[in-house]
Amino acid sequence: MRIAVLADIHGNVLALDAVLDDLKRRGGADLTINLGDCVSGPLWPRETFERLEALDLPTVRGNHDRRVAVDPADDTMWASDRYAQERLTEAQREALFALPFTLEIIPGVVAFHARPDHDEKYLLDAIVDGQLVRAPLAAIQRRLKGLACRIVLCGHSHRPELIRIPDGPVIFNPGSVGAPAYDDDTPPAHVSEQGSPHARYGIVTLDGEGPDRFETIAVDYDHEAAARQAEQAGRPEWAHALRTGFMPKSSGQGSV
């Protein structure tokens, strides 16, 4: 069985289409799972929502899906969430909020956005000198809260990662489809950087007679068009991230 794993699209419909085209060229998948943060960002939130709605993928709710759906549009709202909220209908926002927090997509394979008990805290990551890095194994084990399964699929950090927990599950984060870098000014302030503008996704192949296989795939697409869209929306730091996979030295915008 082949499971395609998408995460953190963030309104980048060009990156999403490139990933779907690449998956088709590779023979497709038996199941495609979306790990949330679908539309938040200064790009194409409504177009992305409509594309995903037509695909009808099993999808878990990310922290930005929740924020776009229910956060008040005031001075405390993150700019990317406000941009998306303003461009979605009430019904579309309600649909985001109605997404499940977690899914067991097949027996033994569990999907959620960030952690099994929280949509905005990191599972596999720690913040060191303002950068996301892999967290100590003991911390990851504590954050799993004793979750019993074979495979965990998660996103949120935008960092591709694969970790096997001793006597526990394999945890797979495919990286971000549509936002290759971001900064978060929530203390402690930090950045996440994939290091290139490629759209990323994953394929998990389950073989009952052999070892499971995990692939992280990086797909080129017209990231320059996405960067220009971000510039038109007044988000030059997003444009820089989309072009390079890194954040500018001091963006000061706060989160995706």
Just distance, no hydrogens or angles: give the donor-acceptor pairs under 3.5 Å from side chains in residues 214-223, sequence neighbours left out.
{"unit_1": "Tyr221", "atom_1": "OH", "unit_2": "Asn12", "atom_2": "ND2", "d": "2.9"}
{"unit_1": "Asp222", "atom_1": "OD1", "unit_2": "Ala225", "atom_2": "N", "d": "3.2"}
{"unit_1": "His223", "atom_1": "ND1", "unit_2": "Tyr221", "atom_2": "O", "d": "3.3"}

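- Ion pair Glu104/Arg150 not flagged as a salt bridge, since none of the NZ, NE, NH1 or NH2 atoms sits closer than 4.0 Å to an Asp/Glu carboxylate oxygen.
- Proximity of Leu242 to Pro180: side-chain heavy atoms (C-beta onward) are separated by under 4.5 Å at one or more points.
- Between the Gln229 side chain and the Leu43 main chain, a donor and an acceptor come within less than 3.5 Å of each other.
- Applying the ring-ring contact (aromatic ring centres under 6.0 Å, His included) test to residues at least two apart or on different chains, the pairs with a partner in residues 120-146 are Tyr122-His156, Tyr122-His190.
- Ion pairing of Glu237 with Arg235 is present here, as a side-chain N (NZ or NE/NH1/NH2) and a carboxylate O approach within less than 4.0 Å.
- Residues Lys145 and Asp117 are paired through a salt bridge, judged by an N-O separation under 4.0 Å between the basic side chain and the carboxylate.
- Partners of Arg67 under the salt bridge (Lys or Arg N to Asp or Glu O under 4.0 Å) rule, at least two apart in sequence or in another chain, are Asp71, Glu120.
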Can you list, pair by pair, the side-chain donor-acceptor contacts under 3.5 Å of residues 172-179, counting residues two or more places apart and other chains?
{"unit_1": "Asn173", "atom_1": "OD1", "unit_2": "Gly175", "atom_2": "N", "d": "2.9"}
{"unit_1": "Asn173", "atom_1": "ND2", "unit_2": "Gly155", "atom_2": "O", "d": "3.1"}
{"unit_1": "Asn173", "atom_1": "ND2", "unit_2": "Ser157", "atom_2": "OG", "d": "3.2"}
{"unit_1": "Ser176", "atom_1": "OG", "unit_2": "Asp8", "atom_2": "O", "d": "2.7"}
{"unit_1": "Ser176", "atom_1": "OG", "unit_2": "Gly178", "atom_2": "N", "d": "3.3"}
{"unit_1": "Ser176", "atom_1": "OG", "unit_2": "Ala179", "atom_2": "N", "d": "2.9"}
{"unit_1": "Ser176", "atom_1": "OG", "unit_2": "Ala179", "atom_2": "O", "d": "3.2"}

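- Heavy atoms only, all atoms of each residue included: Arg82 and Asp75 are closest at NH2-N, 3.9 Å.
- Pairs passing the ring-ring contact (aromatic ring centres under 6.0 Å, His included) check and including a residue from residues 1-42, sequence neighbours excluded, read His10-His64, His10-His158.
- The pair Arg25-Asp21 fails the salt-bridge criterion, with no side-chain N (NZ, NE, NH1 or NH2) lying under 4.0 Å from an Asp/Glu carboxylate O.
- Partners of Thr89 according to the side-chain contact (heavy atoms from CB on, under 4.5 Å) rule, which considers only residues two or more places apart in sequence or in another chain, are Arg46, Ala91, Gln92.
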